[in-house]
Amino acid sequence: MNAVEIEAAISELALQPFDAAEFPFAFLAAFGNKDTALSRLRAGNNNTSDVSGGVLQRNNIHIAVCDVGTVGETLKALRTSPATTKAKAKFILATDGQTLEAEDLTGGETKTCDYPDFPNHFGFFLPLAGISTIKEIKDNPIDVRATGRMNKLYVELLRENPDWATNERRHDMNHFMARLIFCFFADGTDIFNGTGLFIQTVEQMGERDGSNTHAVLETIFRAMNIKIAERANAQPRLPNWANGFPYVNGGLFSGSTDVPRFTRMARTYLLHAGGLKWREINPDIFGSMIQAVADDEERGALGMHYTSVPNILKVLSPLFLDELRAQLTEAGDNERKLLNLRKRMARIRVFDPACGSGNFLVIAYKQMREIEAEINRRRGELHLGSEIPLTNFRGIELRDFPAEIARLALIIAEFQCDVLYRGQKDALAEFLPLDAQNWIVCGNALRLDWLSICPPTGTGVKLVADDLFSAPLNQTKIDFENEGGETYICGNPPYLGSTWQTDEQKADLEAIFTTRTKNWKSLDYVAGWFMKAADYGTKTKAAAAFVSTNSICQGQQVPILWPLVFATGHEIAFAYTSFKWTNLASHNAGVTVIIVGIASFAQRNRKLFSVSEDGNVNAKEVDNINAYLVAGKQVVVEKSAKPLTSISEMMFGSKPVDGGHLLFSQDELESLGLSQQDKERFIRPIVGSEEFIGGKQRFCIWIEDEDAAYAHAHPVIGPRLQMVRSMRLSSTKLATQRGAEWSHRFDERRQTGDETVVIVPSVSSESRDYLPVGYMPKGTIISNLAFALYDAPLWNMALIASRLHLIWIGTVCGKLETRYRYSNTIGWNTFPVPLLTEQNRDDLTTCAEDILLARDAHFPATIADLYNPVNMPDNLRRAHERNDEVLERIYIGRRFKNDTERLEKLFELYTKMTSATGKAKPAIKATREKKAS
DNA sequence: CATCCGACATTGG
DNA sequence: CCAATGTCGGATG
């Protein structure tokens, strides 16, 4: 259950007549407990409560229903009950059906409220449903409740008005919802008359069955588009009851006043939604939540792409807020300096070209208002209106509804800031009418001209390229107020790896990159935002920072994207290295993200941030940040088809592309019932990453071409080959379809099966201190999930097993989230190795043998067991230490001090190796030696 | 032909 | 259910 569903369930519960016996179970059910769990509790066999009327669920909550007026004592009894402690309850709750008291035993926080009111505090109880990390939801239950109510209304309206769900009318529907939200908010504050004018009007003027609700709303909307002075002449005449509504307009109420038809249910939902405390709506999170209302995909995943406030600040603070705050501190009470800062802020533009429902813009606006308020306080000018124009917070959003919401969220933020800093009276005085301009553009950010939407010289907006979602006309031609300032671009654009992009998205990237590189097809979708931001920065003073998937700073994308960004004169001004994305959807394992800030005027002291597992942020000041988000020189490692030094050639394993029909576990193999002869002829052990690391047995059918006819006719193997054939034929990939012709074989075969092998898994856990590398006897097949050196000298293994190599791979190769992802072309072939003498190679061979022997002593421990970082066997660790010692002496004559020094040396050697003068020096001589030996 | 990647995918405690 | 940790084959160079 997500937060919205839970809210709905407990709101429903609170409406029911109080049933003392049933309440604890109904309460638990509302938080997603299954019937089976409840019936067990009911039966009492795992209800260990020692309080009368108590229900205790292990690791969760101790609830007691008590006689009227004894809630306080009962809660105390629950608190002191030994059973509460023993069952590790997180909450205690007592109620008599009139009041309700509860305590969060982990945090110590308590809640007391009237019983019917407890759904308003449901955020407090969310940890019961395993939703504990989202502070914003916990603190703002009203946003979740509003979302739930609006969602119901939306679904009901579309059910009754299917034509409003069509593409042509979707915008009208979204606009209608935005109008409603504005009315609710205005109703909750004094923007309307302060006594619930809107809801009262709908309730009193509308029939109970909802049949004329649309007409009432249409009239109200029309009123808000007519200036007070012009109302007497309005055609058709405006009824008196509508005259109490102010003139709002602001684009929000211009245009069609069409309203969908209401059912009785829809009208109830509308009134229900209007009953919430909308004045407390928090535009930080509200927008992200409510946008799920109109999005079929997002509705289930509720807020999946919502960026939490701390994460938004990770972008905005180093981008420009820190600097503003520093300037504020520096100004002290100096009136002139304070005024300068205020003037500077009035000219700052914040631009989010993937703004969604306006999260980043709202937070940026609120932060700047906070700074401005402090300036005004120090200057004794708290009464002053804000000089920060809302229209300087611009955005582009692809989807229509979030774009509507973004503007609304900013308007709400402005009003709330005015109330907070200037008081209700001043806030109201200037709030209406709304600015008629629309500064959130609905369109495709990669196709629109950012300079037109956020023009450097204030020359107005013109929309170019194919704006696929027909931007409303009134959003053009908006000049900036207060020209000549700085622009800060920010946001969390969508990430999508090349494999997952639609043709349309690919075309978006093509349009941006095709003139600069032929390899644009391998870039993540998010790369488009970085490139456009860099281009923008060449035309005007701007800096940009985005949350991004970490893959654009890893592996193959680095040499494609970053040289192009750097070529525009931009550098990485600050960055957050990889951290795990967290969001509202519990099932969403998420993605690993980075934050990268770029600027063409970056200062020398650049901040490189990292987030530790407990969420703490570590900042380090460095001179330069390279494209791998590592402090140090600007190095880009290009993939290489062949080794740059004397190391052996590393190959990919063999790729079955068999749909599972050529592979077996031990059990499956036995159940095939092959004759001993056939087994020997056709079955081989196959090893990929998992088999090697976890010590698992797996087998494959491996058929030489001359045996193909026999195998096809074989009663057991033949049908399997047929399945491989049909699987390959059904592929969308042409090469795979052709592979159907040799269905007795792996689609891509890289070995004869008669070689000794040094194996390296292609993906492995980041928790180990060394890369898992192994040695296999003849006869083993290596799958495409591992790399292999076939019949190679063992000293190669010593290199791969070294700390130096781990650091190199971890830095220049791609990653799977944060896991190591090995690559022969990017990581092995480019690995900088000094010239190795014969003696060196002998020493390294001995080291590799020692590592293998050290492992053998623990037979049958798996690689995963042996390299578990917390209990790696001493003898194995010593063998690796010796290996590192020998290798590092070859590099610099001593051990390296730390990984930073290792990486510096490796980058230095790589640069020498690949520069024109030093090209492949170690390789030439070593190659000759190799041939001689 | 030969990989590199995944707002991932699957497993196993 | 979530924390740990690597499949699999398509798209791409």
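Below, read A as the first sequence line, B as the second, and so on, with proteins coming before strands; counting in each chain starts at 1. Heavy atoms only: backbone and side chains are in, while hydrogens, waters and symmetry mates are out.
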P-based separation of B:dC8 from B:dC4 [nearest Å]: 23 Å
Length of the line joining A:Leu816:CG and B:dA9:P, which is rounded to integer Å: 11 Å
Where protein sits on nucleotides 8-13 of chain C, one letter per nucleotide: B base, S sugar-phosphate only, - none, heavy atoms under 4.0 Å: BBBBSS
Sugar-phosphate, base or nothing in reach of A:Arg768, heavy atoms under 4.0 Å: sugar-phosphate
cation_pi(A:Arg749, A:Trp702) dist<6.0 Å, angle<=45: yes
Sugar-phosphate only, base, or nothing, as touched by A:Ser551 at under 4.0 Å among non-hydrogen atoms: sugar-phosphate
A:Glu504 with A:Lys506: basic N within carboxylate O range, under 4.0 Å: no
A:Asn829 versus A:Asn824, side-chain donor and acceptor atoms under 3.5 Å: no
Touch class at under 4.0 angstrom, heavy-atom based, for A:Pro493 against every strand present: base
Strand DNA chain C in bracket notation, Watson-Crick/G-U under 3.5 Å with | for pairs to another chain: ||||||.||||||
Whole angstrom value for the distance that separates P of B:dC4 from CD of A:Glu638: 13 Å
Which residue lies more 5' along DNA chain B, comparing A:Arg749 with A:Trp500 via nearest heavy atoms: A:Arg749
Pair A:Thr592, A:Asn550: side-chain N/O donor-acceptor within cut-off below 3.5 Å: no
A:Lys815 NZ to C:dG6 P, straight-line distance once rounded to whole Å: 15 Å
Value in whole Å for how far the C1' atom of B:dA9 lies from CD of A:Glu817: 10 Å
Separation of B:dC1 C1' from A:Lys642 NZ (nearest whole Å): 12 Å
Short side-chain N/O contact from A:Arg738 to OP1 or OP2 of B:dC1, under 4.0 Å: no
Row check, A:Phe513 ring normal vs A:Lys521 NZ/CZ: under 6.0 Å, within 45°: no
Atom-to-atom span, NZ of A:Lys580 to C1' of B:dC8 - whole angstrom: 10 Å
Any donor-acceptor N/O pair under 3.5 Å between B:dA7 base and A:Asn492 side chain: yes
Lys/Arg N to Asp/Glu carboxylate O, A:Arg819 vs A:Glu766, below 4.0 Å: yes
Whole angstrom value for the distance that separates C1' of B:dA2 from CG of A:Asn829: 12 Å
Nearest-Å distance once atom P is located in both B:dT3 and B:dA7: 23 Å
Aromatic plane relationship, A:Phe31 with A:Phe27 - under 30° parallel, 30 to 60° tilted, over 60° perpendicular: tilted
Exercise: do A:Gln554 and A:Ser551 side chains pair donor with acceptor under 3.5 Å: no
Nearest-neighbour nucleotide for the A:Arg819 side chain, B:dC4, C:dG6, B:dA7 considered: C:dG6
N/O donor-acceptor pair, side chain A:Gln557 with base B:dC5, under 3.5 angstrom: no
Test item: side-chain donor near acceptor, A:His744 and A:Asp705, under 3.5 Å: yes
Whole-Å gap separating C1' (B:dC1) and CZ (A:Arg750): 8 Å
Plane angle bin for A:His805 and A:Tyr822 - parallel if under 30°, tilted between 30 and 60°, otherwise perpendicular: tilted
